[in-house]
Chemist: 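First the structure, which I've put down as structure tokens, then a few questions once you've had a look.
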Amino acid sequence: MAEVPMDHGLLLAGALFALGLAGVLARRNAVFMLMSLEIMLNAAGIAFVVAGARWAQPDGQIMFILILALAAAEVAVGLALVLQLYHRLGTLDSDAASGMRE
Amino acid sequence: MEATFYISALLALAATFRVVTAANAVHALLYLVVSLLAAALVLFTLGAPFAAALEVIIYAGAIVVLFVFVVMMLNLGEEAEAQERRWLSPGVWRGPGLLAGILLAELLLLLTGALPGTAGTMVAPKAVGVALYGPYLLAVELGAFLLLAGLVGAFHLGRQEALEGNEDG
């Protein structure tokens, strides 16, 4: 029985997720969009840990570990793509990469 | 202690807001570190010390360092030095430093025992490890596949750029 209500933990996770979503939608800089994606993944992990703490089961933390692995792989590929974008187009503006041709 | 949770949660929200609204990538990264450390303290107060340690080591350590490397690689140029000088001014560090100081005070109070540690039932790292390599073994293998694919993909993308650079030069 946790002293902190589960609602408050989920509220924190939801607010963090909303902030990250706003960042992805509002920013055009690819580095900032990647950072906002990390924030959203982190918020999802917090929600899992909150739920795991509510029932005192380790499953929430295991999902958190898997999300960490996902975030690490995603950020490696994403940052390589950012480098390619900057190298080819000379800018970090994600709108500049909207055309699928060279 | 409940107050620890709420202070850390508010700090995480404030720092995350500054990440999303910052104009400078390095400022955003500083606030991102503070946000992730606050999230780690939230996880600790929820009774998940293993997840909190992983948050600090992998998110605030490895992933943000990757971001810093890329920002350093992208900002090469003659105006980079002037920017660097402006980044090193004390005003830049005041916001993240203040938030991190509150987190440090909270952590010190926790460590000295002035505040009770966890607000909920603690799920020990041993339970997590036993479950991770028991019923979740297949998920661990899939995670290993994912990391290998990420490694190969990142290497391929970075390698192509290096080859093209050689052809251009």
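First the proteins, then the strands, lettered A, B, ... as listed; each starts at 1.
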Chemist: For chain B, find which of A/Val24, A/Leu34, A/Val82 contributes the most heavy-atom pairs closer than 4.5 angstrom.
Modeler: A/Leu34

Chemist: Please flag which part of A/Ile39 lies under 4.5 Å from any non-hydrogen atom of chain B: side chain, backbone, both or neither.
Modeler: side chain

Chemist: Does the side chain of A/Asn42 come within less than 4.5 Å of B/Glu55's, by heavy atoms?
Modeler: yes

Chemist: Measuring only between side-chain heavy atoms, which start at C-beta, is A/Met6 closer than 4.5 Å to A/Trp55?
Modeler: yes

Chemist: May I ask you to name which of A/Ser36, A/Ala71, A/Gly78 has the most heavy-atom pairs under 4.5 Å with chain B?
Modeler: A/Ala71

Chemist: Give, as side chain, backbone, both or neither, the part of B/Ala62 having an atom under 4.5 angstrom from any heavy atom of chain A.
Modeler: neither

Chemist: Would you say B/Thr16 and B/Ser35 are linked by a side-chain donor-acceptor pair, where the criterion is simply a distance under 3.5 Å?
Modeler: yes

Chemist: Answer with side chain, backbone, both or neither: which region of A/Leu66 has an atom nearer than 4.5 Å to a non-hydrogen atom of chain B?
Modeler: side chain

Chemist: Could you tell me which of B/Ala124, B/Ala149, B/Ala51 has the largest number of non-hydrogen atom pairs under 4.5 Å with chain A?
Modeler: B/Ala51

Chemist: Given that the side chain runs from C-beta out, which part of A/Glu74 has a heavy atom under 4.5 Å from chain B: side chain, backbone, both or neither?
Modeler: neither

Chemist: Could you tell me which of A/Leu11, A/Leu12, A/Ile46, A/Leu70 has the largest number of non-hydrogen atom pairs under 4.5 Å with chain B?
Modeler: A/Leu12

Chemist: Which donor-acceptor pairs under 3.5 Å do side chains of residues 127-145 of chain B form with protein atoms, sequence neighbours excluded?
Modeler:
from: B/Tyr136; atom 1: OH; to: A/Asp59; atom 2: OD2; distance (Å): 2.6

Chemist: Check each atom of B/Leu146 against the heavy atoms of chain A and say whether the ones under 4.5 Å are side chain, backbone, both or neither.
Modeler: both

Chemist: Give the member of B/Gly153, B/Ala12, B/Pro125, B/Ala28 that has the highest number of heavy-atom pairs under 4.5 Å with chain A.
Modeler: B/Ala28

Chemist: State whether the number of non-hydrogen atoms from other residues, nucleotides or ligands found under 6.0 Å of A/Phe32 atom CZ is greater than 12.
Modeler: yes

Chemist: Using side chain to side chain contact (heavy atoms under 4.5 Å, CB included) as the criterion, point out the one residue from B/Val64, B/Val19, B/Ile63 that pairs with A/Glu38.
Modeler: B/Ile63

Chemist: By the rule that ILVMFWY residues connect when side-chain heavy atoms come within less than 4.5 angstrom, directly or transitively, which residues belong alongside B/Leu104?
Modeler: B/Leu108

